[in-house]
A.B. asks: 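The structure is given below, and queries will be raised subsequently.
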Number of protein chains: 2
Amino acid sequence: MDTAWLSADEEQAWRAFRRLLIALPARIGRDLARDSGLSAADYEVLSTLSEKPDRRWPLRELAAKMEWSRSRLSHHAARMQVRGLIDKEPDPQDARGCLLRLTDDGFGVLERAAPHHVVSVRSRFLEHVSADELAMLRELSTRIADLPD
Amino acid sequence: MDTAWLSADEEQAWRAFRRLLIALPARIGRDLARDSGLSAADYEVLSTLSEKPDRRWPLRELAAKMEWSRSRLSHHAARMQVRGLIDKEPDPQDARGCLLRLTDDGFGVLERAAPHHVVSVRSRFLEHVSADELAMLRELSTRIADLPD
DNA sequence: ATAGGGTCGATGACATGTCATCGAATAGCC
DNA sequence: GGCTATTCGATGACATGTCATCGACCCTAT
């Protein structure tokens with residue numbers, strides 16, 4: 001096989017998949033903004049913070065967990081703090097660091113957003129994928145995302 | 001089934017797939033920037049323009065084909081024009097519009113970029129997907145991307 | 001022919017992400 | 001203890017995308 005080019009099959013599959021890579025996040029992101037006034041990034045920060053019992057997470061760890069740069073999270077957290085969704089506390093373990101905390105307002109926004117978001121993910125994606133396809137997609141996604149950068 | 005929530009299977013599949021949605025374009029985009037000094041957006045504009053025999057497209061049609069807003073393409077084309085990759089001509093069919101034309105420089109950049117890009121798409125994606133999986137992925141991607149917005 | 005509504009690309013304001021860099025604090029080594 | 005390299009979050013400059021809006025132009029109905 002000539003690896004310098006794509007076969008017709010590969011080309012068409014890659015095109016179709018690339019279209020999905022762009023369209024699906026865009027649609028779900030628009031739903032989120034319309035229903036809840038949140039960006040996909042906002043939602044990810046809120047929902048990840050809510051996973052901790054005390055709704056607090058060191059910025060550095062949260063960035064690592066979400067695979068964001070610290071810079072990105074620092075900028076984004078500053079904007080979310082202005083909106084009252086989260087706030088910052090000094091990290092008692094490390095005076096360089098800070099803890100991001102989900103505010104009660106932020107938690108309320110997340111709780112109201114979640115059901116709409118689930119509907120969106122279902123109607124735009126899950127409903128159109130069989131159980132077998134979903135299992136395959138999960139395995140394939142993990143396999144490829146786990147490749148070294 | 002309670003459609004207000006995701007089952008554990010759905011949740012895990014969606015998480016894994018979402019990771020792929022973010023990681024794969026990021027990796028291929030970084031390869032492109034490193035190898036050829038192009039963004040994914042640049043590459044898409046150049047390669048779509050190169051599909052026409054005369055390497056020209058009305059801005060509006062190109063935007064529609066790529067599923068970009070006219071505003072986005074107008075901004076992006078202005079930046080690419082400064083770099084000499086494309087230029088603009090008045091549209092003889094419609095004095096409101098303009099044609100985007102791939103310059104010789106732009107075509108050369110694309111020709112040198114393409115082989116590296118193919119290697120990137122192969123090594124980051126195609127090599128790790130079987131023919132059956134690829135066929136299923138193509139069908140599934142088309143099915144979902146074709147849903148109404 | 002011309003009036004009115006729609007479409008064209010350009011533009012400015014703004015949101016968001018990257019990258020390089022900073023000062024402060026930490027951790028490792030002697 | 002005291003250097004030194006590293007890591008922390010913050011920040012400014014910049015690239016890129018969205019949205020609302022603009023003037024110019026097209027098209028249709030009268």
Side-chain angles (χ1 to χ4, degrees), chain A residues 21-23 25-34 37-46 49 56-83 85-101 149, chain B residues 21-23 25-34 37-46 49 56-83 85-101 149:
Chain A
L21 288 176
I22 293 169
R27 290 172 190 175
I28 292 178
R30 274 197 302 276
D31 289 345
L32 203 46
R34 174 177 43 75
L38 296 173
S39 67
D42 295 334
Y43 189 87
E44 193 176 346
V45 170
L46 294 180
L49 276 178
R56 259 168 263 253
W57 205 294
L59 187 151
R60 187 190 78 57
E61 283 183 30
L62 185 61
K65 164 109 178 151
M66 299 193 304
E67 303 183 74
W68 284 17
S69 68
R70 296 196 314 272
S71 167
R72 177 181 178 185
L73 182 53
S74 175
H75 277 302
H76 205 94
R79 292 188 293 261
M80 292 180 74
Q81 186 174 21
V82 169
R83 295 156 65 200
L85 298 171
I86 64 174
D87 58 15
K88 294 181 197 177
E89 301 173 350
D91 184 341
Q93 311 299 311
D94 185 338
R96 292 169 303 182
C98 70
L99 303 180
L100 299 186
R101 188 181 68 85
D149 256 338
Chain B
L21 288 177
I22 293 168
R27 290 171 190 176
I28 292 178
R30 273 196 302 276
D31 289 344
L32 204 46
R34 174 176 44 74
L38 297 173
S39 67
D42 296 334
Y43 189 87
E44 193 176 347
V45 171
L46 294 180
L49 276 177
R56 263 165 258 252
W57 278 75
L59 187 151
R60 187 193 126 286
E61 282 183 30
L62 185 61
K65 164 109 179 154
M66 300 194 303
E67 302 182 73
W68 283 18
S69 69
R70 294 195 316 270
S71 167
R72 178 181 177 187
L73 182 54
S74 175
H75 278 301
H76 204 95
R79 292 188 293 260
M80 293 180 73
Q81 186 174 22
V82 169
R83 295 157 63 200
L85 298 171
I86 64 173
D87 57 15
K88 295 182 197 175
E89 301 173 352
D91 184 342
Q93 310 299 311
D94 184 338
R96 292 169 304 181
C98 69
L99 303 179
L100 300 185
R101 188 180 68 85
D149 257 337

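Note on naming: letters A, B, ... go to the chains in the order of the sequence lines (proteins, then strands), and numbering restarts at 1 for each one. Computed from a predicted model, the values in this text were never measured in an experiment. Computation of the quantities below employed the complete heavy-atom set of this structure, encompassing side-chain atoms and omitting hydrogens, waters and symmetry-equivalent molecules.
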A.B. asks: Please name all residues satisfying salt bridge (charged side-chain N to carboxylate O under 4.0 Å, His left out) with A:R30, sequence neighbours left out, ordered by chain then number.
C.D. replies: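 Residues passing salt bridge (charged side-chain N to carboxylate O under 4.0 Å, His left out) with A:R30: B:D149.
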A.B. asks: In whole Å, what is the span from the CG atom of A:D91 to the P atom of C:dA25?
C.D. replies: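 Taking atom P of C:dA25 as the reference, CG of A:D91 is at 13 Å.
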A.B. asks: Who passes side chain to side chain contact (heavy atoms under 4.5 Å, CB included) against B:S74, sequence neighbours left out?
C.D. replies: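 Result, side chain to side chain contact (heavy atoms under 4.5 Å, CB included) vs B:S74: B:L59.
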A.B. asks: Can you give each donor-acceptor pair under 3.5 Å made by side-chain atoms of residues 86-101 of chain B, sequence neighbours left out, with the distance rounded to 0.1 Å?
C.D. replies:
residue: B:D87; atom: OD1; partner: B:R101; partner atom: NE; Å: 3.2
residue: B:D87; atom: OD2; partner: B:R101; partner atom: NH2; Å: 3.0
residue: B:E89; atom: OE1; partner: B:R56; partner atom: NH1; Å: 2.8
residue: B:E89; atom: OE2; partner: B:R56; partner atom: NH1; Å: 2.6
residue: B:E89; atom: OE2; partner: B:R101; partner atom: NE; Å: 3.3
residue: B:D91; atom: OD1; partner: B:Q93; partner atom: N; Å: 2.7
residue: B:D94; atom: OD1; partner: B:R96; partner atom: N; Å: 2.9
residue: B:D94; atom: OD1; partner: B:R96; partner atom: NE; Å: 3.1
residue: B:D94; atom: OD2; partner: B:R96; partner atom: NE; Å: 3.4
residue: B:D94; atom: OD2; partner: B:R96; partner atom: NH2; Å: 2.8

A.B. asks: Using side chain to side chain contact (heavy atoms under 4.5 Å, CB included) as the criterion, list what pairs up with A:A41, not counting sequence neighbours.
C.D. replies: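 Scan of A:A41 (side chain to side chain contact (heavy atoms under 4.5 Å, CB included), adjacent residues dropped) gives A:S39, A:W68, A:R72, A:H76.
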A.B. asks: List every contact pair, protein side and nucleotides 6-11 of chain C side both N or O, where the distance is under 3.5 Å.
C.D. replies:
residue: C:dG6; atom: N2; partner: B:R96; partner atom: NH1; Å: 3.1
residue: C:dT7; atom: O2; partner: B:R96; partner atom: NH1; Å: 2.7
residue: C:dC8; atom: OP1; partner: B:R60; partner atom: NE; Å: 2.1
residue: C:dC8; atom: OP2; partner: B:R70; partner atom: NH1; Å: 3.1
residue: C:dG9; atom: OP1; partner: B:R60; partner atom: N; Å: 2.6
residue: C:dG9; atom: OP2; partner: B:R70; partner atom: NE; Å: 3.2
residue: C:dG9; atom: N7; partner: B:R70; partner atom: NH2; Å: 3.4
residue: C:dA10; atom: OP1; partner: B:K88; partner atom: NZ; Å: 3.2
residue: C:dA10; atom: OP2; partner: B:S74; partner atom: OG; Å: 2.6
residue: C:dT11; atom: O4; partner: B:S71; partner atom: OG; Å: 3.0

A.B. asks: Starting at atom CZ of A:R34, determine the distance to atom P of D:dC19, rounded to an integer number of angstrom.
C.D. replies: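 In whole Å, D:dC19 P and A:R34 CZ are 13 Å from each other.
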A.B. asks: Over how many whole Å does the gap from A:L100 atom CG to D:dC8 atom P extend?
C.D. replies: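 After rounding, the gap between these two atoms is 14 Å.
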A.B. asks: Distance check needed: D:dG9 P versus A:W57 CH2, whole Å only.
C.D. replies: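 Taking CH2 of A:W57 and P of D:dG9, I get 14 Å after rounding.
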A.B. asks: For A:E67 and C:dT18, give me the distance from atom CD to atom C1', rounded to whole Å.
C.D. replies: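 Rounded to the whole Å, the gap is 17 Å.
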A.B. asks: Nearest whole Å is fine: how far is D:dC27 C1' from B:Q93 CD?
C.D. replies: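 Roughly 16 Å, once rounded to whole Å.
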A.B. asks: For A:W57, what residues pass the ring pair (Phe, Tyr, Trp, His ring centres under 6.0 Å) criterion, not counting sequence neighbours?
C.D. replies: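 With sequence neighbours excluded, A:W57 shows a ring pair (Phe, Tyr, Trp, His ring centres under 6.0 Å) to no residue whatsoever.
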A.B. asks: May I have the distance from A:R79 (atom CZ) to C:dC14 (atom P), rounded to whole angstrom?
C.D. replies: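 Taking atom P of C:dC14 as the reference, CZ of A:R79 is at 15 Å.
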A.B. asks: For C:dT16 and A:R72 - does any side-chain N or O of the residue sit under 4.0 Å from the phosphate oxygens OP1/OP2?
C.D. replies: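 For C:dT16, OP1/OP2 do not have a side-chain N/O of A:R72 under 4.0 Å.
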A.B. asks: If you round to the nearest 0.5 Å, how far is CD of A:E67 from CD1 of B:I22?
C.D. replies: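 B:I22 CD1 to A:E67 CD: 8.0 Å, rounded to 0.5 Å.
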A.B. asks: Would you please confirm or rule out a distance under 4.0 Å between OP1 or OP2 of D:dG17 and any side-chain N or O of B:H76?
C.D. replies: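 For D:dG17, OP1/OP2 do have a side-chain N/O of B:H76 under 4.0 Å.
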A.B. asks: Using a cut-off of strictly less than 4.0 Å, decide whether B:R30 has a side-chain nitrogen or oxygen near OP1 or OP2 of C:dT18.
C.D. replies: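 Result: no.
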